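Start at 1 with the first residue, then count along the sequence. Note that this is a predicted model, so its numbers are computed, not measured. Every number for a ligand or one of its atoms is a count from 1 in the order of the listing.
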Amino acid sequence: MDSPTNEELIARWQHEPAPLLPLLHAFHDRDEYLSTQAIEAVAAGLKIPVAELFATITFYHHFTREAPGQRAPRVCTGPICTLHDAHALQASLDGASTMPCAGRCDGPIPVLKGHEVLIGVHSDHLAAQPSPLPIPNPGNYEECVFAEIRAEGRSSLMGYRLSGGYEALQQAIAINPAELIELITASQLAGRGGAGFPTGAKWKAVAEAPNSPKTVVCNADEGEPGCFKDRTVLEHDPHAVIEGMLLAARATGSSRAFIYLRYEYPEICTILENALAEARAANLVGPAILGSDFSCEFYIRRGAGAYICGEEGSLLNSLEGKHPYPRNRPPFPVTHGFENLPTAVNNVETLASVPQIVRRGAEWYQSLGLDGRPGTKIISLSGDVQRPGNYEVPFGLPLKTLLYEWAGGPASDHSIQAVTMAGLSGGFLAGSDLDTPLDEPSIRQRGSMLGAGGIMVFDQSRDMVSVAHQAMEFFAEESCGKCFPCRIGTQRLAERLTGSTGPDNLETWKAELVDIGEVMKATSACGLGMAAPFITDSLLKYFPDQVAHRVQSQSEESK
Ligand SMILES: Cc1cc2nc3c(=O)[nH]c(=O)nc-3n(C[C@H](O)[C@H](O)[C@H](O)COP(=O)(O)O)c2cc1C
Ligand code: SF4
C-alpha cells in the first residue's frame with residue numbers, strides 16, 4: 001500500500017479533537033523523522049506559526065528531525081537501569097542514544113526502537129516481553145486496584161465482564177450523578193498521581209462548573225523515574241481504566257474523554273485501542289451508552305517524551321497543541337481545563353480504583369487501610385531488593401515490612417542504605433526513617449513525600465552523592481525552563497553535586513546547596529522546581545560523610 005500523502009494525513013486529523021500530537025506522530029511514523037517539509041505542512045494545515053511549532057516539536061525527546069529517526073535505538077538510563085550498566089548497553093548498540101527512565105524499573109533494561117520495546121542487558125539478547133502481573137501481596141491484605149487484575153483473560157472485554165467488569169457503570173447509570181459523587185467523596189479516595197487531591201471534591205467542582213462540553217482526562221504520562229504502576233494497570237486491566245473514566249464522565253457531566261499516554265509505552269497504545277474498540281462495539285463508549293441518555297466519546301493521545309507533560313497544566317497545553325509549559329494557577333482545570341472548559345484530570349490508578357469502589361461501596365474502600373487510614377496505594381518498588389515489582393499496600397503498612405518481608409530485602413550480605421520516595425520527587429529516606437508507615441502524613445513528617453508511590457532501593461555499596469547527582473541532572477534536563485529559579489537552580493545543584501563547582505569550604509558549599517534549594521521551593525512555578533531540592537536536602541541530612549568526602553576529594557584534585 002502507498003504511504004499516505006501530506007494532504008491525506010492532514011485531512012485525516014485536522015478536524016479531530018486535539019489533533020497536533022496524532023498528526024505529528026502520523027508524519028513521524030510515515031517518514032521515521034519530522035522533516036522541515038512535514039513541519040511546514042502541519043503548521044499550514046493546523047494554522048500554527050512554523051516557528052512556534054518548531055519550538056514545540058523540539059521540546060519533546062522523541063520527535064526526531066533526521067534519519068534514522070525513530071528507528072535508532074534509545075536505551076533507558078534511569079536510576080535503576082544505570083545500576084544495571086545501561087551505559088555499557090548503549091555503547092554496544094549501533095547508533096543508540098539514551099532516554100530518561102522508561103517506566104520499566106522492575107525488569108532488565110528497556111530499549112525503544114520505533115514502536116517496539118525490547119528488554120535485556122546485552123545487545124545480543126534483547127527481546128519484546130509482556131510485563132509480569134503484579135505480585136500477589138504476601139500480607140494477604142485485601143486489594144482494590146489489583147483485586148481482579150490476575151483473573152483469567154481480564155484484559156479482554158469478556159474476561160473483564162466475567163470478573164465483575166462494567167457492573168459499576170450499570171449501577172452508575174441507574175443513579176443520579178450527584179449520588180455517584182457523594183459515594184466517591186465518602187470513600188475518601190484521593191488522587192494517586194502525586195498531589196493527593198480528593199477525587200470526589202474534584203468531580204463536584206467540574207460538575208458544578210458552568211460551560212460545556214466538559215472533559216475527562218486520564219493522565220497516563222507516568223514519567224516519574226521509578227514509577228511503573230500505571231503501565232501495569234493499563235496493560236493487564238485496560239477496561240478498568242476505561243470504566244473508571246466513564247464513571248468520572250458520568251459524575252461530572254463530561255462528554256469527551258482523553259487518555260494521554262506516555263510515548264515510551266507503545267504496546268499499551270495498541271492494548272488501549274483494542275479495548276476501546278471492544279467497548280465501542282458493546283455500546284459501552286460513544287453515543288447513548290447502554291441505551292441511556294449518557295454519551296461519551298474517547299480519544300487516545302500519545303505524548304512524545306517530556307516529564308513535565310505529566311503535570312496537568314502542561315498536559316492540557318500539550319493536548320491542545322501548544323508549547324507544553326505548566327499553566328499558571330488559578331484558574332484550575334476543574335473550571336478552565338481542556339480548551340478552557342471544565343475538565344477532570346485524573347491518574348490511571350485513581351480511575352482504576354473507582355469501579356471497585358462503586359461496586360463494593362465507600363465503607364469497604366475506607367476499611368482497606370490500616371489503623372483507620374482509608375484505602376490502598378500501589379507502590380512501584382525497584383533497585384536493590386530481591387523481588388522488585390508493583391505491590392498494592394494498605395495505607396499505613398510499615399515501609400520496612402514492604403522492603404524486607406514482601407520484597408525479600410536486599411541480596412544476602414547486603415544492607416539497605418537508602419530509598420527514594422515519590423520516584424525521585426520525594427528525595428531520600430534512610431536510617432531510622434525507614435521505620436515510617438506508608439502514608440502521606442507520616443512520610444511528610446520525615447521531610448519527604450509518598451507522591452505517586454515509586455520507591456527505589458539502594459544498598460550500602462552505592463555512592464549516594466552520585467545517585468543524587470544523576471537525579472538532579474534528570475530534573476535539570478526536564479525543567480521546562482518557564483521560570484528561572486527552577487531552570488537555573490536545577491543546573492546549579494547538578495553542577496555542585498559533581499563537586500566540580502562551588503566553594504572548597506565544606507560548610508560554605510553545604511550552605512549554598514541549602515540556599516539554592518530554599519529559593520527554588522519558595523519561587524518555582526510548579527511541582528518540579530519545588531520538589532527537586534528534596535534530593536539535596538535529604539542527601540545532606542542522611543549522608544553528610546559521603547558529601548564531605550566528595551567535596552574534599554574534589555577540592556584536592558583541583559589543587
Ligand atoms: C512535574 C510533575 C509531573 C507529574 N507527573 C504526573 C504523571 O506522570 N501522572 C499523573 O497522574 N500525575 C502527574 N502529576 C500530577 C498531576 O499534575 C495531577 O495532579 C494528577 O494527574 C491529578 O490526578 P489525580 O488527582 O488522580 O492524582 C505531576 C505533577 C508534577 C508537578
Ligand atoms: S518549576 Fe521548572 S518545570 Fe515548573 S514551570 Fe518552572 S521551570 Fe518549568
Completion exercise
In this structure, atom 17 (O) of ligand 1 is nearest to the protein heavy atom Glu312 N, 3.0 Å
Exercise for the section: Decide whether the shortest distance between a heavy atom of Cys526 and an atom of ligand 1 is less than 4.0 Å. Expected result: no
Exercise for the section: Starting from atom 24 (P) of ligand 1, locate the nearest protein heavy atom and write down its residue, its atom name and how far away it is, to 0.1 Å. Expected result: Gly191 CA, 3.4 Å
Exercise for the section: Look at Lys229 together with Glu349 and state whether they make a salt bridge at an N to O cut-off of under 4.0 Å. Expected result: yes
Practice task
Could you tell me which atoms of ligand 1, counted from 1 in the order shown, lie closer than 4.0 angstrom to a heavy atom of Gly193?
Solution key: 10 (C), 11 (O), 12 (N), 13 (C), 14 (N), 15 (C), 27 (O)
Problem - Mutual orientation of the aromatic rings belonging to Phe458 and Phe428 [parallel < 30°, tilted 30-60°, perpendicular > 60°] - result: perpendicular
Fill in the blank from the handout: Rounded to the nearest 0.5 angstrom, the CZ-CD distance for Arg256 and Glu297 is 11.5 Å
Practice task
Check if Glu224 has a non-hydrogen atom at a distance under 4.0 Å from any atom of ligand 1.
Solution key: no
Practice task
Could you list the atoms of ligand 1 found under 4.0 angstrom from a heavy atom of Arg192?
Solution key: 26 (O), 27 (O)
Problem - With Lys202 via salt bridge (charged side-chain N to carboxylate O under 4.0 Å, His left out) - residues at least two apart - result: none
Completion exercise
The closest protein heavy-atom partner of atom 21 (O) of ligand 1 is Asn219 ND2, 2.9 Å
Exercise for the section: Salt-bridge test for Lys521 and Asp537: reply yes if a basic N is under 4.0 Å from a carboxylate O, no otherwise. Expected result: yes
Completion exercise
Note: ligand 1 atoms sitting under 4.0 Å from heavy atoms of Gly527 are 31 (C)
Exercise for the section: Identify the two heavy atoms, one from Cys105 and one from Ile80, that lie closest to each other, and give their separation to 0.1 Å. Expected result: O-CG2, 3.7 Å
Problem - Minimum-distance pair of heavy atoms, taken over all atoms of Gly305 and His62 - result: CA-CD2, 3.6 Å
Practice task
Note the single closest protein heavy atom to atom 8 (O) of ligand 1, along with its residue, its atom name and the distance in Å.
Solution key: Glu222 N, 3.0 Å
Handout entry: Enumerated ligand 1 atoms positioned under 4.0 Å from heavy atoms of Asp221
Key = 8 (O)
Practice task
Could you establish whether Lys202 and ligand 1 come within less than 4.0 Å of each other, counting only heavy atoms on the residue side?
Solution key: yes
Problem - Part of Asn347 within contact of ligand 1 (heavy atoms, under 4.0 Å) - result: both
Exercise for the section: Taking ring pair (Phe, Tyr, Trp, His ring centres under 6.0 Å) as the test, write out the residues that go with His336, two or more places apart. Expected result: none
Handout entry: Set of residues satisfying side chain to side chain contact (heavy atoms under 4.5 Å, CB included) with respect to His61, sequence neighbours excluded
Key = Pro100, Glu477, Glu478
Practice task
Working to the nearest 0.5 Å, report the span between OG1 of Thr350 and CZ of Phe197.
Solution key: 12.5 Å
Handout entry: Subset of ligand 1 atoms that lie under 4.0 Å from at least one heavy atom of Asn346
Key = 23 (O), 24 (P), 25 (O), 26 (O)
Exercise for the section: Considering the heavy atoms of Gly223, write down every atom of ligand 1 situated less than 4.0 Å from one of them. Expected result: 8 (O)
Exercise for the section: Would you mind checking if Arg327 and Glu320 are paired as a salt bridge, meaning a charged N to carboxylate O distance below 4.0 Å? Expected result: yes
Practice task
Look at atom 6 (C) of ligand 1 and say which protein heavy atom is nearest, naming residue and atom and giving the distance to 0.1 Å.
Solution key: Gly310 O, 3.3 Å
Fill in the blank from the handout: Checked atom 2 (Fe) of ligand 2: protein N, O or S atoms closer than 2.8 Å come out as Cys486 SG
Problem - Sidechain N-carboxylate O distance under 4.0 Å for Glu392, Lys377 - result: no
Exercise for the section: For Ile378 and Val233, work out which heavy atoms get closest and say how close. Expected result: CD1-CG2, 4.0 Å
Problem - Lys/Arg N to Asp/Glu carboxylate O, Arg262 vs Asp221, below 4.0 Å - result: no
Practice task
Considering heavy atoms of the protein only, find what lies nearest to atom 29 (C) of ligand 1 and give residue, atom and distance to 0.1 Å.
Solution key: Glu311 CA, 3.8 Å
